[in-house]
Every structure is written in structure tokens, then in C-alpha cells.
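Nothing here was measured: the structure is a model prediction, and the numbers come from that model. Naming: A, B, ... by sequence-line order, numbering from 1 per chain.
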There are 2 protein chains.
Amino acid sequence: MSTCKNHKISIDEALKKAEIICNKKGVKLTKLRQKVLTLILKNHGYVKAYDLLNDLKKNDASAKPPTVYRSLDFLMEHGFIHKIQSLNAFVGCSHPDEHEDCYFLICKECKNIEECCSNTVKKVLTSTSGKNNFSPNQVTLEITGICQDCS
Amino acid sequence: MSTCKNHKISIDEALKKAEIICNKKGVKLTKLRQKVLTLILKNHGYVKAYDLLNDLKKNDASAKPPTVYRSLDFLMEHGFIHKIQSLNAFVGCSHPDEHEDCYFLICKECKNIEECCSNTVKKVLTSTSGKNNFSPNQVTLEITGICQDCS
DNA sequence: AACTATTATGTTATATTATAACATTCATTT
DNA sequence: AAATGAATGTTATAATATAACATAATAGTT
């Protein structure tokens, strides 16, 4: 069982968690989707779609862009991964079951991405949106900088 | 002089402002850059790079991707426009001289984008980053939802 | 004015990211 | 087994962006 200081939980645990959530929802975590999720979780930083595709090709030469994008779509839809908009990249989610608005601390040194949840941030964003009479739907909050280990 | 309720200032004013800032900085707002900035400001919502390219081609058939991307880079570098990461699109900036961390309210109905500055938001983000021992460098905050006019 | 250095633009080519559209396979239910 | 719907395979292409090198314009120097 592989673990990593950057994973709140191990890959195996994350996969099991995903399996359980899928069962609850009545959707299927197919072999392919598992494979893609595993490849993403294995990385401590972020992963690019075409790097994933190349990884998939090692086992299955017939893998093509839709192969990976469809899995990515599924995994995003169910909160198992997130897309980092400012990088066109993807990261695993450490807590797909308890999902709130999250934000990302992206270290430009080590490329590591920390996913954070903060009620304070959430509240401030909601209230500021409210002041603008805006009904928020989806928040993209990505903070690039230098992490503790790299400073 | 064209104005728009969504522009805090008119296009002409924005151009003049940009001109002044460029002079101060010792950089040049060339005809091409002016043209690109104008095309962006004319839009009330966001603009895609290749739409800009097509607009440019109307006057100059030889325009090519680097033509527009270089201008976009320049305009972003000096704060005259912003890139909306979640849309791969660009919006004009209404206050390039008094620049702080801004965020964007993106209406998925009317496609309008409101640029906002909030000290509260800024403070919360800085302090939350600090709690994670993270030195923020650049913040991407994009909130998608429904604006007042569309709700 | 001629020379030089720098900046900006032109040009060709290609890299990167992502989706549309249709065919086939697989799993589940009947 | 047949029918259905979901998932995957496959082909093609769309959309976004940059590398690399050539030329032109500009500003500063002689």
C-alpha cells in the first residue's frame, strides 16, 4: 500500500472510498476509470491529460484522447479529481465525500498542490458575491506561490 | 465616445489611461496593441483569442496567432486586460493603475464578467495562505453564477 | 545621416488541449 | 437470447497556444 506525505489518505484508501461512493450513487468505477484515477493519485503534483494518455498507452496502445478525457470528466463529475484551470491540469481529491468549496495552493517550485477547505473563505466569497447581487454557482480559487517546504 | 453600463469608464478613457501608464513605464502601446485592447474593451463580456484574431484579419489578412497572443501578453503584463482561466478568455480591466488582487463574477447567462476588488477577500486569502505557511504570489479567483440582471 | 541595438512584428511550423460524431462492445434487464 | 443503455473504441478535427527564425521599425549613438 503506497502512502505519501502529500496524500491525506493512501491511494488504496482513496480508491476504496471512490468505489463506495460510486456504489452509493449507482455509477460504475470501471477498470479504465480506476486506472486513470490511480495514475492521478500516484502523482504528488498535478497531471496533464496527455501525460495520462501516454501512461495509458503503455498498457493499451489503442488509448486515445477521448479515452482519457471521458474518464477525467467522470472523475471530476463525482468529485474524485479536480481540474486546475490555471494549469490545464488535474489533481486527485483527498475528500470526495465531504465536498465543499475548495481552493488550491499551487507551489511553483515543487509543483505540489495542496487542496484546502475553509469556511471563512467560503463565507467571505458568498457574502461578497451577495453584495454584488450575484448567485454563485462554482468557485475557481487557485493560489500560486511558494510552499513551506520550498521557502 | 462609446460608453457602456458595464464599463466603469469609456473605451476612449481606458485607452488614454493605458497610454499614460505606458508612457510612465517607458513601454509602447503600439497601434496593434491599441487595436487589440480596443477590440477587447468593445466587448461587454469576454473575448476569445481566435475571435480577436478573426477581427484583426478583417483589417489585416496577414494576422496570425502570434500577432494576437503577443499583444495579449503585453496587455496582461501591464494589467490592461486579464485572462479568465476557466474560460480561456480575456476581459478588459477597468482600473489598470490601481491594481490589487481582483476576482471575477462570471454570469453564465449573459456572459458578462464583473471585475471586483475586495480588501476583505484579499485579507482572508492572505491569512488563510499564511496558515498553510504558503507565500502567495498570484491569485486566480473566478466565480461563475447568475448576475443580478439575469436572475 | 549612417550605425547599432533593441523592440516589435511577420511568418512558418508545430505543440498542446479538447471535443464531435459515429461504431462497437459490454453489462444489465427483460 | 434480445433489447436497452452505458461505456469504450475510433476517426477526425476543433480550439488554444508557443517555438523559432526572418524582417521591419524605433530609438539611441556616432
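Residues forming a side-chain contact (heavy atoms from CB on, under 4.5 Å) with A:Lys131 (at least two apart in sequence, or on another chain): A:Ser127. Annotation: side-chain contact (heavy atoms from CB on, under 4.5 Å) contacts of A:Lys64 (sequence neighbours excluded): A:Ser62, A:Pro66, A:Thr67.
A:Gln85 and A:Thr140 are not linked by any side-chain donor-acceptor pair at a separation below 3.5 angstrom, with hydrogens and angles left out of the test.
For A:Asn23 and C:dT28, the CG to P distance is 12 Å, given to the nearest whole Å. Per the geometry, CG belonging to A:Leu56 stands 10 Å off P belonging to D:dG9, to the nearest Å. When the P atom of D:dA17 is taken as reference, atom CD of A:Gln85 falls 12 Å away, rounded to whole Å. Atom P of nucleotide D:dA15 and atom NZ of B:Lys83 are separated by 16 Å, given to the nearest angstrom. Note: CZ (A:Phe74) to P (D:dA7) measures 7 Å, nearest angstrom. Between the CG atom of A:Asp51 and the P atom of C:dT16 there is a distance of 9 Å, given to the nearest Å. In this structure, the CG atom of B:Leu53 is 12 Å from the P atom of C:dG10, given to the nearest Å. Distance A:Tyr46 OH to C:dT16 C1': 14 Å, rounded to the nearest Å.
Placement of A:Leu105 and B:Val124 within a single hydrophobic cluster is found when ILVMFWY residues are connected by side-chain heavy-atom separations under 4.5 Å, directly or transitively.
Contact check of residues 57-64 of chain A against DNA chain D (heavy atom, cut-off under 4.0 Å) returns A:Asp60, A:Ser62, A:Lys64. Contacts with DNA chain C (heavy atom under 4.0 Å) in residues 29-37 of chain B: B:Thr30, B:Leu32, B:Arg33, listed by number.
Each of C:dA18, D:dA27, C:dA27 was ranked by its minimum atom distance to the side chain of A:Lys28; first place goes to C:dA27.
Not a single donor-acceptor pair under 3.5 Å links the side chain of A:Asn59 to the backbone N or O of A:Asp55. Between the side chain of A:Ser71 and the main chain of A:Val68, no donor-acceptor pair closer than 3.5 Å is present. No donor-acceptor pair under 3.5 Å is formed between the side chain of B:Glu109 and the backbone N or O of B:Cys150. Between the side chain of A:Glu142 and the backbone N or O of A:Ser86, at least one donor-acceptor pair lies under 3.5 Å.
Listed by first and then second residue, the ring-ring contact (aromatic ring centres under 6.0 Å, His included) pairs that reach into residues 102-147 of chain B are B:His82-B:Phe104, sequence neighbours excluded.
In this model, the phosphate group of D:dT16 is approached by a side-chain N or O of B:Lys48 to a distance below 4.0 Å at OP1 or OP2. Look at A:Asn88 and you'll find a side-chain N or O under 4.0 angstrom from OP1 or OP2 of C:dA18.
B:Lys48 and B:Ala89 make their closest contact through CD-CB, 4.0 Å (heavy atoms, listed as atom of the first residue, atom of the second, distance).
To the nearest 0.5 Å, atom NE2 of residue A:His78 and atom CG of residue A:Leu29 are 9.5 Å apart.
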Detail all sub-3.5 Å separations between protein N/O atoms and N/O atoms belonging to nucleotides 18-22 of chain D.
unit_1, atom_1, unit_2, atom_2, d
D:dA20, N6, B:Arg70, NH2, 3.2

